[in-house]
There are 2 protein chains.
Amino acid sequence: MTTVCAGSTLLVRKLSRLVALGTDDIAALSELEFQSEQVANHHYLVREGDRVNRCCLLIDGYAARNKLVRNGQRQIVAFHMPGDMLDLQHSLLNRADHNVQTTTAATVGWVDVEKLKGFALAHPKIAEAFARDALIDASIFREWVLNVGRRDAKTRVAHMLCEFVARREAIGISPADPMVLPFTQEQIGDATGLTSVHVNRMLRVLTTEGAFERLNGAYKIADWQKLKRLADFDPAYLHQAA
Amino acid sequence: MTTVCAGSTLLVRKLSRLVALGTDDIAALSELEFQSEQVANHHYLVREGDRVNRCCLLIDGYAARNKLVRNGQRQIVAFHMPGDMLDLQHSLLNRADHNVQTTTAATVGWVDVEKLKGFALAHPKIAEAFARDALIDASIFREWVLNVGRRDAKTRVAHMLCEFVARREAIGISPADPMVLPFTQEQIGDATGLTSVHVNRMLRVLTTEGAFERLNGAYKIADWQKLKRLADFDPAYLHQAA
DNA sequence: CGACAGATTGACGCGCCTCAAGGTACGTGG
DNA sequence: CCACGTACCTTGAGGCGCGTCAATCTGTCG
């Protein structure tokens with residue numbers, strides 16, 4: 001549960017997509033020690049109201065951020081995949097304003113926030129990478145406001161799938177590969193402001209229209225161009241190309 | 001149009017709410033020169049696709065960020081008020097992924113982005129303030145995803161009004177003061193994912209329920225506690241208390 | 001085999017949208 | 001001073017997209 005692990009490799013790879021790291025930056029990052037932990041599905045990595053003093057790198061598995069309204073309905077506001085740092089978000093704020101929960105079994109690596117801050121102070125390139133990462137997250141949040149506020153159900157679901165596929169591609173997984181979605185239909189509903197029932201119907205429509213296929217538990221993008229078109233998807237907001 | 005102005009006072013006041021600035025930080029900020037410009041309502045301060053190399057301080061008036069879907073529908077993803085820095089958001093990214101547009105006539109002050117970056121490098125406290133500001137913006141985006149995704153129309157409109165009032169309070173304007181809303185009902189609709197027609201009806205409902213009053217063009221919060229309750233509003237996400 | 005999470009499907013209703021017709025306030029030019 | 005345009009607000013009637021409720025099915029893990 002608390003073995004030191006090679007999360008730093010993953011982190012270097014991620015930050016390298018954001019800025020051009022110097023060899024000294026990379027050397028420094030390699031020194032970073034992550035306390036590795038295996039957690040079950042639905043495990044809370046951060047809870048609303050927590051004081052955050054350590055930071056979590058998602059090494060394997062998937063996670064989602066969510067907030068609740070008074071009557072208990074849930075809204076997922078972001079999802080995360082291997083390589084994502086989950087709590088830079090909160091490190092400078094007093095208390096977590098939302099929950100972060102795994103959506104599959106997962107492996108995470110913990111680092112002390114103060115240690116990361118020290119790195120940022122000593123290495124401007126690393127600080128810039130952290131800042132860009134936070135700004136890209138913010139850009140994604142804006143797209144989600146648009147998605148939930150102004151697109152119809154079919155487009156919304158398709159858009160969320162497109163973002164998932166595009167971000168997977170950035171970490172090296174081809175859109176054409178079959179995939180097991182790390183979300184239930186209810187979670188897709190929580191992310192798109194719909195009910196699981198309606199998500200189910202929209203997935204059926206997207207399937208009959210030939211945008212993607214379903215084989216027992218797994219899904220496969222049947223026509224990536226068509227799905228993007230149906231989704232009104234423009235990846236510019238992901239700021240992936242450096 | 002390009003007179004140097006005292007925007008730095010406003011900026012010092014804003015950053016002081018985010019971190020404890022040292023006297024040297026304040027002295028340095030006072031040196032900052034803003035090119036002041038008066039702009040009309042509906043003026044674009046940033047356009048989607050722009051390369052951003054200068055940064056805009058909103059000195060007087062109001063502005064909103066918006067994105068468009070393919071069929072031309074608009075979604076406002078954030079609004080801004082005097083004292084807000086509008087483009088720290090974009091300064092580290094290649095291209096603007098959304099528009100920023102005034103919603104009233106306004107006065108803004110421009111600074112060079114590189115100059116600001118220099119400040120951040122030389123003054124860790126200022127860098128931290130910028131970072132916290134960006135993280136708070138992100139927190140507000142998350143709340144908007146929740147608002148648009150999971151609350152009904154009346155609650156949504158009330159919530160947006162609450163955020164407006166709470167943020168005004170942070171810059172020194174009492175919730176009890178009558179106010180002329182710097183948004184049209186159509187803009188409130190664009191911010192909440194509703195049509196202007198339905199916003200109109202919801203405002204009527206909130207009025208008949210006694211949450212607020214309307215006197216000719218101006219509005220007044222009649223019952224701040226009641227409005228917050230109707231809105232499911234918890235200001236924690238604004239991270240205003242340091 | 002039983003228990004349980006998740007997917008699927010149908011019937012029905014409501015919240016919000018659409019379309020359309022004024023109304024009001026204000027600025028602008030004759 | 002009035003005529004007119006423009007931007008915004010207001011109100012009503014009707015319709016549709018998505019939610020609600022509920023039953024059934026499937027796969028998986030003990």
Side-chain angles (χ1 to χ4, degrees), chain A residues 40-43 62 64 69 71-76 101-105 147-161 180-208 212-219, chain B residues 40-43 62 64 69 71-76 101-105 147-161 180-208 212-219:
Chain A
N41 192 2
H42 303 123
H43 179 83
Y62 293 83
V69 290
N71 67 19
Q73 280 188 94
R74 180 190 320 274
Q75 175 71 41
I76 290 178
Q101 219 175 346
T102 54
T103 62
T104 63
N147 198 39
V148 171
R150 285 296 186 218
R151 292 202 257 251
D152 67 18
K154 186 174 86 174
T155 316
R156 254 186 254 183
V157 171
H159 195 279
M160 192 222 167
L161 292 172
V180 176
L181 283 180
F183 317 108
T184 65
Q185 292 182 6
E186 185 172 3
Q187 286 165 337
I188 296 175
D190 286 342
T192 51
L194 300 167
T195 58
S196 60
V197 173
H198 206 61
V199 168
N200 184 284
R201 293 196 246 259
M202 295 303 102
L203 287 175
R204 157 179 307 284
V205 172
L206 290 172
T207 306
T208 61
F212 72 79
E213 296 162 2
R214 326 168 66 170
L215 354 126
N216 25 340
Y219 295 77
Chain B
N41 192 2
H42 303 124
H43 179 82
Y62 293 84
V69 289
N71 68 20
Q73 282 188 92
R74 180 191 319 274
Q75 175 72 40
I76 290 177
Q101 219 176 347
T102 54
T103 61
T104 63
N147 198 39
V148 171
R150 284 298 186 217
R151 291 202 258 250
D152 66 18
K154 186 174 87 175
T155 315
R156 254 186 253 183
V157 171
H159 194 280
M160 191 223 167
L161 292 173
V180 176
L181 284 180
F183 316 108
T184 65
Q185 292 182 6
E186 185 172 4
Q187 286 165 337
I188 295 175
D190 286 342
T192 51
L194 300 167
T195 58
S196 62
V197 174
H198 207 61
V199 168
N200 182 284
R201 292 195 245 260
M202 295 303 102
L203 287 175
R204 157 180 306 286
V205 172
L206 290 172
T207 306
T208 60
F212 71 80
E213 296 163 1
R214 324 167 68 171
L215 354 127
N216 23 342
Y219 295 77

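Throughout, protein chains are lettered first and strands after them, A, B, ... in sequence-line order, and every chain is numbered starting at 1. Values in this document were obtained by computation on a predicted structure and should not be read as measured data.
In terms of the side chain to side chain contact (heavy atoms under 4.5 Å, CB included) criterion, residue partners of B/T102 (sequence neighbours excluded) are, by chain and number, B/V39, B/N41, B/H43, B/L45, B/A106. Take B/R156 and apply the side-chain hydrogen bond (donor to acceptor under 3.5 Å, both in side chains) test, not counting sequence neighbours, and it matches no residue. Remark: B/Q187 pairs with no residue by the side-chain hydrogen bond (donor to acceptor under 3.5 Å, both in side chains) rule, at least two apart or across chains. Partners of B/R201 by salt bridge (Lys or Arg N to Asp or Glu O under 4.0 Å), not counting sequence neighbours: none found. Residues satisfying the ring pair (Phe, Tyr, Trp, His ring centres under 6.0 Å) criterion with A/Y62, sequence neighbours excluded, are A/F164. Legend: residues meeting side-chain hydrogen bond (donor to acceptor under 3.5 Å, both in side chains) with B/D152, ordered by chain and number and at least two apart, are B/T155. Partners of A/R150 according to the side-chain hydrogen bond (donor to acceptor under 3.5 Å, both in side chains) rule, which considers only residues two or more places apart in sequence or in another chain, are B/D190.
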Expected rows: protein N/O vs nucleotides 26-30 of chain D N/O, under 3.5 Å:
none

Measure all distances between protein nitrogen or oxygen atoms and nitrogen or oxygen atoms of nucleotides 7-9 of chain D, and list the pairs falling under 3.5 Å.
{"from": "D/dC9", "atom 1": "OP1", "to": "B/Q185", "atom 2": "N", "distance (Å)": "3.3"}
{"from": "D/dC9", "atom 1": "OP2", "to": "B/Q185", "atom 2": "N", "distance (Å)": "3.0"}

Quick tally for nucleotides 21-28 of chain C: nucleotides whose base has a protein heavy atom under 4.0 Å get B, sugar-phosphate-only ones S, the rest -, giving --------

Contact letters for nucleotides 16-25 of chain D, in which S counts primed atoms plus P, OP1 and OP2 and B counts the base, heavy atoms under 4.0 Å: --BBBB----

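A side-chain donor-acceptor contact under 3.5 Å links A/T103 to the backbone of A/P182. Distance alone, capped at 3.5 Å, places no donor-acceptor pair between the A/S196 side chain and the A/Q185 backbone.
Atom CD1 of A/I76 is separated from atom CD of A/Q101 by 8.5 Å, given to the nearest 0.5 angstrom.
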Set out, in order, the CA-CA distance, both residues' side-chain angles and the distance that settles side-chain contact (heavy atoms from CB on, under 4.5 Å) for A/Y219 and A/V180, then state yes or no. CA-CA 6 Å; A/Y219 295 77; A/V180 176; over 6 Å; no

Assess whether side-chain contact (heavy atoms from CB on, under 4.5 Å) is satisfied between B/L194 and B/I188, documenting all intermediate values. CA-CA 8 Å; B/L194 300 167; B/I188 295 175; over 6 Å; no

